[in-house]
Amino acid sequence: MAFLPALSLIPLVQYPGGKLSPLVSVGDSVREGMLVGKGREGRSANIHATVPGRVVRHTSWEDSDGRECEGLLIRMEGSFDRLGSTEENYTPELPPDLMSYQELAEVLNDCGIVEMEGAGSPLAEMLSWFHLAEGSKTLVVRCVFDDPWLVADYVLCKERLKAIVEGSFILAGACGGVGRVLFAVSRKEKEIGKAMLAEAARYGISSSMILTGRRYPQRNHREMEIVLREYEKKTKVDLGTLLILGPSTLAAVHDAVKYRRPILERYVAVGGSAVRKPKVMRVRIGKRIGDVFDECGGFVGNPCRVVTGSPFFGEMVRFLDEPITKTSYALVAMLASQVGKYPMRDCISCGECRKVCPVGLDPEEMYKMIKVSSLDAAQSGEVSDHPGFRECHGCGCCEVVCPSRLPLPEVIRGRISYA
Ligand code: SF4
Ligand code: SF4
């Protein structure tokens, strides 16, 4: 567990989704786990204070994509209600499959549970279509570590395996009609899959394991679905509607249902050539990114690029005062030598990007379409109607091989404009 921060910045804006309504004002005292921001209409999830203390400022900043963010700055004081205490177990009897979908959705909303490996969408909103789906349904537990920066999820799978499995069965039981829980595991981590299956034998829903291939990327929804449909053909098992969730989200479901615990912290992998002592840490949401690096011994030199998430497709960090959020699974600080000393230049039409795109897209073509179109055209759909723009999942393979060092995924996915 990382040191607790003296100051925490609890974000009030989550993407996708709208701004939260703050429930506290400057000067108010807050307790650990107290609701401080109320989600609106399923588009944003509730936010809780992750440390006890006093609200000292309502502040705002701009992230690397130019989006305005808002947050509550909390100075830590007082005692912790949850940290180090034995929490009340709301579902001591197993299996907890008597929980209705409505009860589950209420708990998830109250505890502000989001998809922690993705964009941070409120989980109850994601579950609503799955719950209503007719025919066979499968919950897929994605333990695929095809990117070294997913090591935090790997550590979580090792340390909280029971909670992840129990979280899966709680969710499967409440969603109704889920015939199978499928553990999709990286081939080289088969032992994790076996341990999950052994744990899953305690529950009444059938479960099985599927091993994913070695080629990056394997964990994106599209690639996962291809693997799963192949499995379906081979085994003649009708998987039906799929819900694919990662281990952090399922552990959070477990904690919410069993202990009514909101998301207060998450596992984060901290590394990159600029970091003195890379490690995986449990970090409180709202902790200042600069403080997390300090706890890793600080920097060995001036970082020229800092990102949250994988360097392949993560979000740039503009200020070290920005906070850890519910979706920050990695923090990477790189020296100029790791980023490369070659400047960005025009496309030389070498075609390397086409060779590596796992979706079979033409990144060069799409990049050039955006570059020559105006921002208005790009936003009005003229460009985005090209099917490739919807299919790109931002894996970053094209950027890695591009000798012109063009930021292809960011441009293609509309994060920045060259208009
Ligand atoms: S890899 Fe880069 S330089 Fe080569 S065609 Fe693709 S965008 Fe152009
Ligand atoms: S980021 Fe590049 S390689 Fe990955 S899917 Fe998009 S276009 Fe293809």
Side-chain angles (χ1 to χ4, degrees), residues 15-16 63-65 115 117-121 142 144-150 153 184 186 212-230 242 244 246 305 307-317 327 329-330 332 334 338-373 375 377-379 381-419:
Y15 292 97
D63 73 6
S64 60
D65 293 339
E115 191 204 14
E117 298 85 359
S121 306
R142 184 186 53 203
V144 178
F145 316 108
D146 57 353
D147 175 341
W149 295 102
L150 294 166
D153 271 358
S186 295
T212 62
R214 291 189 173 86
R215 191 168 180 249
Y216 174 84
Q218 291 288 314
R219 73 190 290 272
N220 294 316
H221 202 284
R222 184 181 176 279
E223 277 66 34
M224 282 290 314
E225 186 149 1
I226 291 171
V227 172
L228 294 164
R229 295 303 176 199
E230 281 296 315
L242 302 171
I244 304 174
R305 190 165 185 228
V307 293
T308 55
S310 167
F312 283 169
F313 48 81
E315 303 263 334
M316 291 271 282
V317 172
T327 57
Y329 62 88
V332 187
M334 290 169 281
Q338 190 180 14
V339 173
K341 52 182 180 294
Y342 306 106
M344 197 163 80
R345 57 180 179 171
D346 285 344
C347 170
I348 56 169
S349 300
C350 65
E352 290 301 315
C353 52
R354 275 188 294 282
K355 286 188 206 158
V356 298
C357 177
V359 192
L361 302 176
D362 186 339
E364 175 195 357
E365 184 202 20
M366 293 191 291
Y367 175 79
K368 287 178 176 169
M369 277 177 77
I370 293 177
K371 207 176 165 193
V372 297
S373 74
L375 179 60
Q379 287 178 341
E382 187 185 309
V383 167
S384 56
D385 277 351
H386 185 293
F389 292 94
R390 289 193 298 276
E391 286 179 35
C392 170
H393 49 58
C395 65
C397 293
C398 51
E399 183 175 356
V400 171
V401 298
C402 176
S404 296
R405 306 200 65 77
L406 296 169
L408 298 165
E410 285 112 306
V411 175
I412 291 167
R413 302 188 87 211
R415 288 204 190 139
I416 55 176
S417 166
Y418 276 72

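Counting convention: from 1, in listed order, for ligands and their atoms alike.
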Novice: Give the intermediate values and the outcome of side-chain contact (heavy atoms from CB on, under 4.5 Å) for residues Leu361 and Ile412.
Specialist: CA-CA 11 Å; Leu361 302 176; Ile412 291 167; over 6 Å; no
Novice: What's the separation between atom SG in Cys402 and atom CE in Met344, rounded to the nearest 0.5 Å?
Specialist: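 Answer for the SG-CE pair, Cys402 versus Met344, is 9.5 Å.
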Novice: Quick one: nearest non-hydrogen protein atom to atom 5 (S) of ligand 1, plus distance?
Specialist: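 Going by distance alone, atom 5 (S) of ligand 1 is nearest to Gly351 N, 3.3 Å.
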Novice: Apply side chain to side chain contact (heavy atoms under 4.5 Å, CB included) to Glu230 and list each qualifying residue two or more places apart in sequence or on a separate chain.
Specialist: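 Here the qualifying residues are Lys233.
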Novice: Suppose we measure from atom 8 (Fe) of ligand 2 to each protein heavy atom; which comes out shortest, and what is that distance?
Specialist: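 The closest heavy atom on the protein side is Cys357 SG, 2.4 Å.
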Novice: Under 4.5 Å between any side-chain heavy atoms of Leu242 and Leu228, yes or no?
Specialist: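 Yes, close enough: below the 4.5 Å cut-off.
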Novice: Could you measure the distance from the OG1 atom of Thr327 to the CD atom of Glu315? Nearest 0.5 Å is fine.
Specialist: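 Going from the OG1 atom of Thr327 to the CD atom of Glu315 covers 8.0 Å.
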Novice: Atom 6 (Fe) of ligand 2: which protein heavy atom is closest, and how many Å away?
Specialist: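 Answer for atom 6 (Fe) of ligand 2: Cys392 SG, 2.4 Å.
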Novice: Which protein heavy atom lies closest to atom 4 (Fe) of ligand 2, and at what distance to 0.1 Å?
Specialist: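 Checked against all protein heavy atoms, atom 4 (Fe) of ligand 2 sits closest to Cys395 SG, 2.3 Å.
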Novice: How would you list, by chain and number, every residue that makes a side chain to side chain contact (heavy atoms under 4.5 Å, CB included) with Arg354, sequence neighbours excluded?
Specialist: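 Result, side chain to side chain contact (heavy atoms under 4.5 Å, CB included) vs Arg354: Asp362, Pro363, Glu364.
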Novice: May I ask you to list the atoms of ligand 2 that are less than 4.0 angstrom from any heavy atom of Gly396?
Specialist: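 Ligand 2 atoms under the 4.0 Å threshold to Gly396: 1 (S), 4 (Fe).
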Novice: With sequence neighbours left out, what residues match Cys350 under side chain to side chain contact (heavy atoms under 4.5 Å, CB included)?
Specialist: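 Ile348, Glu352, Pro403.
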Novice: Within a strict 4.5 Å, meaning less than it, do heavy atoms of the Ser349 and Lys368 side chains meet?
Specialist: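 Result yes, sub-4.5 Å side-chain heavy-atom pair found.
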Novice: Any idea how many protein N, O or S atoms are nearer than 2.8 Å to atom 2 (Fe) of ligand 1?
Specialist: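 Every protein N, O or S atom under 2.8 Å from atom 2 (Fe) of ligand 1 counted, the figure is 1.
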